Amino acid sequence: MIFRIPVSRINWTTSSFLIGTFILTLTAVPFYLWYFGIDWFQFALFFVLLAAIGFSVTLGYHRLFSHMTFRAKLPVRLFTLIFGAAAFENSVLMWASEHRRHHKHVDHDEDPYDITKGFFHAHIGWLLFKLLPQPPFDNVADLKKDPLVMWQHRHVHLLAVMIGFVLPTLAGFAWDGWVGALGGFLIGGVARVVVLQHGTFLINSACHTIGRQPYSTRCSARDSFFLALFTFGEGYHNYHHQFQHDYRNGVKPWQWDPTKWLIWILSKLGLVGGLRRVPQEAIESTQAQVRDLRSKVES
Ligand SMILES: [Zn+2]
Ligand SMILES: [Zn+2]
């Protein structure tokens, strides 16, 4: 132990990547922009990759593979597996296994990002330090049978580097030679990884800390419009923990949930189907129960 940091438990590879990309985003990225100026192409590349990879995580990793809230045809499955890898959040198999464990044991010891161990632990600490041995993939038997998922699991690091870093670097080079390549690497690659990762991490930390609990007070998960803005709609986390098999997180039609809208659009295009919805009466009766419970506690 140095300064109460459990050195022997540090996950060196993950920690170096998370801290290294974060420092580069705060130093090299602003320096590049100051030195070479702002180029609209670099920003377009940043946002296109942010959307492609972000939706691959929320729509693919989370709502499709972890919770099976709808069925998807090959193009959607392949796209989300390939681009999802570039979020550097490991394979679908690993992600879904940890996420299903989070739902099952939320706020308890076996929850990998247990908020009761503190905001920092739930946000990033659980990745920097491995306090427990990696549990077996015993809750993803369905995914193990999927050859595409297993292919992604075997090649996830190569896919991540190719799509996450090589692709924006090559696009930048094609646009503006070596200066463009450096910009593509730093802005579309490094800064985009950091923004997206901390967006995902916020769901595990802030969405279990800030916001309302209209659907359940049994666990720490909360609904927040503000957090939904930065997380492709995943901020309605209280609803999601209560009804994890619903393809919507922001269940009200006006709630900001671009992932739900994209799933709906893909269903109209025939690329996905079998969208699962909790019946309206069940949602309303759950809300009424929570209101009753609250008024009893307050009176
Ligand atoms: Zn959660
Ligand atoms: Zn979930």
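We count ligands from 1, going down the list as the structure has it; atoms in each ligand are counted the same way. Start at 1 with the first residue, then count along the sequence. The model shown is predicted, which means the values in this text are computed figures rather than measured ones.
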Report, as yes or no, whether the 6.0 Å neighbourhood of atom CH2 on Trp126 holds more than 12 heavy atoms from other residues, nucleotides or ligands.
yes
I'd like to know if the Zn ion (ligand 2) has an N/O/S atom from His99 within less than 2.8 Å of it, counting both backbone and side-chain atoms.
yes
Heavy-atom side-chain contact between Arg218 and His241 under 4.5 Å:
no
With the Zn ion (ligand 2) as the reference point, give the N/O/S atom of His240 that is nearest.
NE2
Looking at Glu284 and Arg291, does any basic side-chain N land under 4.0 Å from a carboxylate oxygen?
no
Under the side chain to side chain donor-acceptor pair (under 3.5 Å) test, which residues partner Ser56, sequence neighbours left out?
none
Tell me, please, if His102 has any N/O/S atom, main chain or side chain, under 2.8 Å from the Zn ion (ligand 1)?
yes
His67 pairs by side-chain hydrogen bond (donor to acceptor under 3.5 Å, both in side chains) with which of Arg100, His240, Arg276?
His240
Nearest to the Zn ion (ligand 2), which N, O or S atom of His62 do we find?
NE2
Give a yes or no on whether His241 keeps an N, O or S atom under 2.8 Å from the Zn ion (ligand 2).
no
Partner of Trp256 by ring pair (Phe, Tyr, Trp, His ring centres under 6.0 Å), out of Trp261, Phe226, Phe232:
Trp261
Atom name, His237 (N, O or S, nearest to the Zn ion (ligand 1))
NE2
What is the name of the N/O/S atom of His103 that is nearest to the Zn ion (ligand 2)?
NE2
